[in-house]
Every structure is written in structure tokens, then in C-alpha cells.
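Scope of the values below: all heavy atoms of this structure, side chains included, with no hydrogens, waters or symmetry mates.
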Amino acid sequence: MSLYHYQPIAIRGLLFESIYSTTLSSGNTGDPHNALQRSLIWKETFATAMVLYSPGRTTSYPDEPVKEGIRLHFLGGGDEVGNVGCVLEDKTGTRLLIDYGLAPTRPPKYPSECPPIDHAIITHSHIDHIGMAPWLVGQHGTLLHGTELTAAVSEMMWRDTYKVSKIEGYPLAWDMRDLDVALDAWETHNFGEWFDVGEWRLRFHRAGHIPGAAMVEIETPELRLLWGGDMDTRISPNVGAAKPLDCDILCIESTYGGREHPNRQEEEARFVARVKEVVSRGGVALIPAFASGRCQDILRILHEAAPHLEVHFDGMGTRITQHWMNNQQYIRDPIGLEKMWRWARKVRSKADRKKALEADVIVTTSGMLDGGPAIWYLNRLRHSLANAVLLTGYQAEGSGGRSLLENRKLPIFGNLTQIDLEVDQFQLSNHAGHSELETFVRDCGPKHVVFFHGDAEARIAIAAEFSQHPTPQLPVNGTPLVLQK
Ligand SMILES: [Zn+2]
């Protein structure tokens, strides 16, 4: 048994492109003693850090009505990455929540309790934006607004989160009844289609990041606000770019404030070259990748650049891809996605998994080697030095991938195991980097720019690019921010 299981994962950057399920799932297949230990430790942790709500009594939301402009009240994700939730309200009494997630740390982090709310916008289906939405619906009967693809993928994410919470023994604040009602609480909208919430008019725009991810434009009687959500202004293999929009107030993520991405084409070329090198020496390239976005990007890149390779695709990403196939209006070059889907060999059984060990490439979850089929494969592939592990995203502190990079060791089914294979890492993020954020803000031309969803260093770095036009705002969770046109 490794202490590793009990260490909270530090929150920064790409952790939030991961899927909670795949972060935790297969580490749970170990012995029941481990599960019991984990459960006890969760309980101890939660007894000291209050995370479950006492509905109506733990909300920090102010009672006073808004006099002018718009009030933003972050329940989470204001001065941190992840567990996003922000209530917007103006003097008309129109009130709207944007996102309600949980951070997939160990233990998970939750936003503070949401006040009664009729409408919530769900920008996209990553768990740090949707994880707590069933609680909203169960508690307040909230209507969830999102794109059709976000709604479809959310069900899978919630079911998996529920399953993992039971296995790991941490409290979740919502149960299967809440989940069931949440499935019927969606009102879906296409990009560009106006809809009303109270006295406001809203419409979604493509955010980049992952297919179905939306920015939301909000017209109040006084002003126009654009909420960027997780976004990218660069084209990625499966989704087009976010485009700027004139607004008075821009709320934008700051995950990559102060950090630049490498050139995307060059990084993809470096990745493909490394895969070919491994295959040419007779090895298998094991590519752990996040289930919602990164897996599919990797497969599109390989299909385009090296279609002669035999590539096997395993894990929850396969089921997410099926949703993408059913919602092709959100996909960049959907024919390319279909071709990739036919080309990749889907692992559907134990026999398929054994066959995959003879492949050229295996693309699978979890992206940070915290469980999932990736660990099963690594345990078998680790004995031949021709094989390699190619990491395709940020490896959070405390994750298996980080441990592999730093110590050449990681937990496999509870045993810290030496891995002598070649390990490389590639930066294929679908969040805007520093320059992209700066350009996007200038192109939107707002009076105020609100930098949220970033750690202190990142938010300060991006805010430093602006002084008065626009005025940078750095919100803090639990402290209302009132802005006027
Ligand atoms: Zn995201």
C-alpha cells in the first residue's frame, strides 16, 4: 500500500483537462484493505475540512439586492483553478449560476454552497465545471443550460464520479436520485441561438478547448458580458478556435497566465517523430491521455501523420468519442473524426487488451497514470526496454505520471514500481496560453476584464498586461464583485 493514495494533488494547469473518473478509477481495483484505509482517511479529512453543505445555512451569498451594474459572486474557481461556480445578478433580480464543478484532487474540492437558483449555464463537460450540478438540480430544481454534446457527456462523467466516490469512500453531497433528475434538467442550445433567462438574453459561442465547450454572451438591460469558460483561440485537431466578441465585461480563465505554449505544429511533429522512433525499434508506444479531448486529439494527429501504424484505443475516451460522433456539428472536420474512428482499433474485451500489447501504439486513460487501463498496460510493457511511455499533458504533483517523470517509479496496483522505459512528455494543451489570452482580451475591447480560474502567479502575470483599458479584476471566492458599464 502506498501513501501516495492519500496525498492531495496540487491544483495547477492541465489537471483540469483530465477526467476525474480516469484519474481515480483503476487504482481502486486493489485489495479491500486499501479501500477501507482510504475510506477512513477520507472521513478523517472531511471531519476537519467541512465540504458537505448544510443547505440554506452554509451559503455565503449576500442578501442585499444589486443597485447597479452586475454582481459576480464566485463560489469557487475565482482565485484558483477548478471547482468553478459563479453567481451573476443585477438590479432586475435576474440571477444566474455559471458552472458548478468539483476539483478532482484527493480529497476533492467543492465550491461553496449555491443559493437558490433557477438557471445554471454549464460551459462544458469537464468535471471541474459540472461535478456538483446534480446537487443543484436535486436541491433547487435548477434548469441546466448547455450544448447538446455537453449534456450527453455529462451523464457519463456524473455516473463515473458517483462510482468512484463510493469506491474511494468520500462524501459527494448528491446521490443517484439527484443524478437522475439532473439528466432531465437540461435545456440545450446551439451556438448563436438566443435564449432568455429573466430579464437577460443569452447565447453560446464556440470556446475551442473541447467539442461542445461554450462561451456565453449575456445581454442585461445595462451591459454586455462575455464569459469565456475554458477556452482556446488556437485550432486543435478536433475543435475550431474561439473568436473574440465586443463586450463591456469579459470574464476569462487564466490557467496559462504567464506561460507560453510551444508552437503547436512543431510539438505535434516532435510527438509523431518520437512515436515512429519507438515503433521502428520494435517497441510499443504507450500514450496515456485524458478521456475527453486529449485521447481524440492524439488519435487524429497519428491518423493524419502515420496512418500505417497499428493504434489501439482503450478506456472511457472510446465512449466519449461515440458521443462526439453523434454530435458532429461540434467537431472540426467531422469526416476526419469518422475516418480516425474506423481506423483506431477499439479495445472492447480482455482479449482485445491482450492483443493491444502487440500493437504499435496504445492510447488510453488515465492521462496522469493514476489508474485506468494505462496502468494495466504499463505493468506488462515495463519489461521490454524497446517500449516507451509518452505523456501528453500536464502531470499534477502527486500523480503517477509526475512520480514517473521525477523518480522513475510509480504505484502499480498499490506497489511502488521501478520503470526503466523511455519517458517523454509533450505539451498539447487546449487552453489559451499567455499571448492568446492577451490578444483575445484586447480584441474583445471590454471596459473590465475579470481573470479567474488561475493560481495567484498566473492571474497576476496576465493582469500585469493591462492597466486601465480594460481594468483588470482579480476576484476572490466569497467576495462579491460589482462592475458597471
Ligand atoms: Zn475544461
Legend entry - Backbone N/O of G315 and side chain of R319: donor-acceptor pair under 3.5 Å: no
Legend entry - Within 6.0 angstrom of K339 NZ, more than 12 heavy atoms from elsewhere: no
Legend entry - Sole residue of H145, H205, H119 in ring-ring contact (aromatic ring centres under 6.0 Å, His included) with H189: H145
Legend entry - SB check E193 R203 (cutoff 4.0 Å): no
Inset, instruction - Could you pull out the closest heavy-atom pair between C251 and L72, with the gap in Å? - result: SG-CD2, 3.6 Å
Inset, instruction - Would you sort out whether W341 and E338 count as a side chain to side chain contact (heavy atoms under 4.5 Å, CB included), showing the intermediate values? - result: CA-CA 5 Å; W341 183 242; E338 265 182 40; 5.5 Å; no
Inset, instruction - Verify side chain to side chain donor-acceptor pair (under 3.5 Å) between E89 and Y61, making sure each step is shown before the conclusion. - result: CA-CA 11 Å; E89 187 171 342; Y61 197 71; 2.5 Å; yes
Inset, instruction - Considering only NZ, NE, NH1 and NH2 on the basic side and carboxylate oxygens on the acidic side, decide whether R300 and E304 come within less than 4.0 Å. - result: no
Inset, instruction - Measure the CG-OG1 distance between L286 and T364 for me, rounded to the nearest 0.5 Å. - result: 7.5 Å
Legend entry - Derivation and outcome, side chain to side chain contact (heavy atoms under 4.5 Å, CB included), residues H448 and D248: CA-CA 7 Å; H448 300 281; D248 302 307; over 6 Å; no
Inset, instruction - Report yes or no: does E253 contribute a side-chain atom to a donor-acceptor pair with the main-chain N or O of M231 at less than 3.5 Å? - result: yes
Legend entry - Salt bridge present between D180 and R177 (N-O < 4.0 angstrom): no
Inset, instruction - Check F74 against V450 and note the closest heavy-atom contact, atom names and distance. - result: CE1-CG1, 4.4 Å
Legend entry - Between CZ on residue F451 and CD on residue E465, distance to nearest 0.5 Å: 8.5 Å
Legend entry - NZ/NE/NH1/NH2 to OD/OE distance under 4.0 Å, K109 and E80: yes
Inset, instruction - Can you label the angle between the H124 ring and the H129 ring as parallel, tilted or perpendicular, going by 30° and 60°? - result: tilted
Inset, instruction - Test side chain to side chain donor-acceptor pair (under 3.5 Å) on Q296 and T321 and set out the steps. - result: CA-CA 7 Å; Q296 296 85 355; T321 313; 3.1 Å; yes
Inset, instruction - Keeping the roles fixed (side chain from S254, backbone from H453), state whether a donor-acceptor pair exists under 3.5 Å. - result: no
Legend entry - Test side-chain contact (heavy atoms from CB on, under 4.5 Å) applied to E268 and L428, D297, I298, the passing residue: L428
Legend entry - Interatomic distance, M132 atom CE to N83 atom CG [nearest 0.5 angstrom]: 10.0 Å
Legend entry - Ionic contact status for R353 with D314, cut-off 4.0 Å: yes
Legend entry - Between NE2 on residue H308 and NE2 on residue H303, distance to nearest 0.5 Å: 12.0 Å
Inset, instruction - Without swapping roles, check the side chain of R234 against the backbone of H431 for a donor-acceptor pair under 3.5 Å. - result: yes
Inset, instruction - Go through the steps for F271 and L302 under the test side chain to side chain contact (heavy atoms under 4.5 Å, CB included), then give the verdict. - result: CA-CA 9 Å; F271 167 70; L302 290 174; 3.9 Å; yes
Inset, instruction - Please check if the distance between the ring centroids of F204 and F191 is under 6.0 Å. - result: no
Inset, instruction - Determine the sole option in L97, D99, L202, I218 for which the side-chain contact (heavy atoms from CB on, under 4.5 Å) test with I121 is passed. - result: L202
Legend entry - Pair D79, N477: side-chain N/O donor-acceptor within cut-off below 3.5 Å: yes
Inset, instruction - Would you please indicate yes or no on a ring centroid separation below 6.0 angstrom for H140 and W135? - result: yes
Inset, instruction - Could you tell me whether E267 and R264 have a side-chain N and a carboxylate O separated by less than 4.0 Å? - result: no
Inset, instruction - Enter the distance from D230:CG to D128:CG here, rounded to the nearest 0.5 Å. - result: 6.0 Å
Inset, instruction - Tell me whether the centres of the aromatic rings in H261 and H434 are closer together than 6.0 Å. - result: no
Inset, instruction - Salt-bridge test for D424 and R274: reply yes if a basic N is under 4.0 Å from a carboxylate O, no otherwise. - result: yes
Legend entry - T147/T150 under side chain to side chain donor-acceptor pair (under 3.5 Å): CA gap, chis, key distance, verdict: CA-CA 5 Å; T147 63; T150 297; 2.9 Å; yes
Legend entry - Between OG on residue S154 and CG on residue L183, distance to nearest 0.5 Å: 9.0 Å
Legend entry - Minimum heavy-atom distance L481-P475, with the two atoms named: CD2-CB, 4.2 Å
Legend entry - Chi angles and distances behind the side chain to side chain contact (heavy atoms under 4.5 Å, CB included) call for L225, L88: CA-CA 10 Å; L225 182 146; L88 275 55; 4.2 Å; yes
Legend entry - Shortest non-hydrogen separation from S292 to I320 and the atoms involved: CB-CD1, 3.9 Å
Legend entry - Where Y100 and P111 come nearest, the two heavy atoms and their spacing: CE1-CG, 3.4 Å
Legend entry - Heavy-atom closest pair, residues A133 and I122: CB-CD1, 4.3 Å
Legend entry - Charged tip of R159 within 45° of Y162 ring normal and under 6.0 Å: no
Inset, instruction - Give a yes or no on whether the backbone of Q265 and the side-chain of N263 come within a donor-acceptor separation of less than 3.5 Å. - result: yes
Legend entry - SB check E438 R442 (cutoff 4.0 Å): yes
Legend entry - Intermediate values then yes/no, side chain to side chain donor-acceptor pair (under 3.5 Å), T220 and E199: CA-CA 7 Å; T220 78; E199 301 295 312; over 6 Å; no
Inset, instruction - Take W200 and F195 through the ring pair (Phe, Tyr, Trp, His ring centres under 6.0 Å) test and state the conclusion after the steps. - result: CA-CA 8 Å; W200 302 352; F195 59 99; over 10 Å; no
